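Here the structure is a predicted model, which is why all the values come from computation and not from measurement. Index from 1, following the sequence.
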Amino acid sequence: MIGIIIATHDHLAESLLKTAEAILGDQSCVETLNIEPGTTGIQVMVENVAEQVLKENDELIWLVDMFGGTPFRYASYCMMDDPRQALVTGVNLPMLLQALVNRETTAKELARQLELEGKQTIRRM
């Protein structure tokens, strides 16, 4: 199974997981990183969480809130030279739900799938 880390500014990651679990039930091998203003030791915290998730799973996918933001920068540094990890930006509830129910593939394939499906979940009425 693919482990998931949701990394966002403030408490968005925690809220997304809580809502997803209200829909799908409790989820294993999912961690949240809520990066608040003034947080110190972020790189060590990110690396420790990634290491823990990879101890329990073959691969890891990072779902972060926005490209170029603090969570993105630290997650991308952590996964840069590790082929077991993938990263997707723009996490939202539909993306998280898709990730949670499709973890029996590879992290790279799941990242491609989430990118394609994520673009389809944004609609203008």
| field | side-chain contact (heavy atoms from CB on, under 4.5 Å) assessment of Trp62 paired with Val46 | value | CA-CA 11 Å; Trp62 293 87; Val46 168; 3.4 Å; yes

| request: Start with the C-alpha gap between Ile61 and Leu87, add the side-chain angles, then the distance that decides, and say whether side-chain contact (heavy atoms from CB on, under 4.5 Å) holds. | output: CA-CA 6 Å; Ile61 189 161; Leu87 184 148; over 6 Å; no

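When all heavy atoms of Phe72 and Met66 are compared, the pair lying nearest together is CB-O, 3.3 Å.
Side-chain contact between Ile6 and Val30: present, with at least one pair of heavy atoms (C-beta onward) separated by less than 4.5 Å. No side-chain heavy atom of Thr32 sits under 4.5 Å from any side-chain heavy atom of Leu16. Between Leu33 and Thr8, every side-chain heavy-atom pair lies at or beyond the 4.5 Å cut-off. Side chains of Arg84 and Leu60 form no contact here, defined as non-hydrogen atoms less than 4.5 Å apart. In this structure, Glu36 and His11 have side chains that are in contact, with non-hydrogen atoms separated by less than 4.5 Å. In this structure, the side chains of Ile2 and Asn57 stay at 4.5 Å or more apart for every pair of heavy atoms. No side-chain heavy atom of Ile4 sits under 4.5 Å from any side-chain heavy atom of Cys29. The shortest distance between side-chain heavy atoms of Asn34 and Glu14 falls below 4.5 Å.
The main-chain N or O of Gln27 is found under 3.5 Å from a side-chain atom of Glu21 such that the two form a donor-acceptor pair. For Arg103 (side chain) and Gly3 (main-chain N/O), no donor-acceptor pair under 3.5 Å exists by modelled atom type. The backbone N or O of His9 sits less than 3.5 Å from a side-chain atom of Asp65, completing a donor-acceptor pair.
No side-chain N or O of Gln113 forms a donor-acceptor pair with one of Glu109 less than 3.5 Å apart. For the 3.5 Å distance criterion, the side chains of Asn48 and Glu51 fail to qualify, holding no donor opposite an acceptor.
Shown here are the side chain to side chain donor-acceptor pair (under 3.5 Å) partners of Gln98, two or more places apart in sequence or in another chain: Asn102. For Glu31, there are no side chain to side chain donor-acceptor pair (under 3.5 Å) partners two or more places apart in sequence or in a different chain.
Taking a 6.0 Å sphere around NZ of Lys18, one finds it holds 12 or fewer heavy atoms contributed by other residues, nucleotides or ligands.
Using a 4.5 Å cut-off between side-chain heavy atoms of Ile, Leu, Val, Met, Phe, Trp and Tyr, with links allowed through other members, Met1 and Val101 fall into different hydrophobic clusters.
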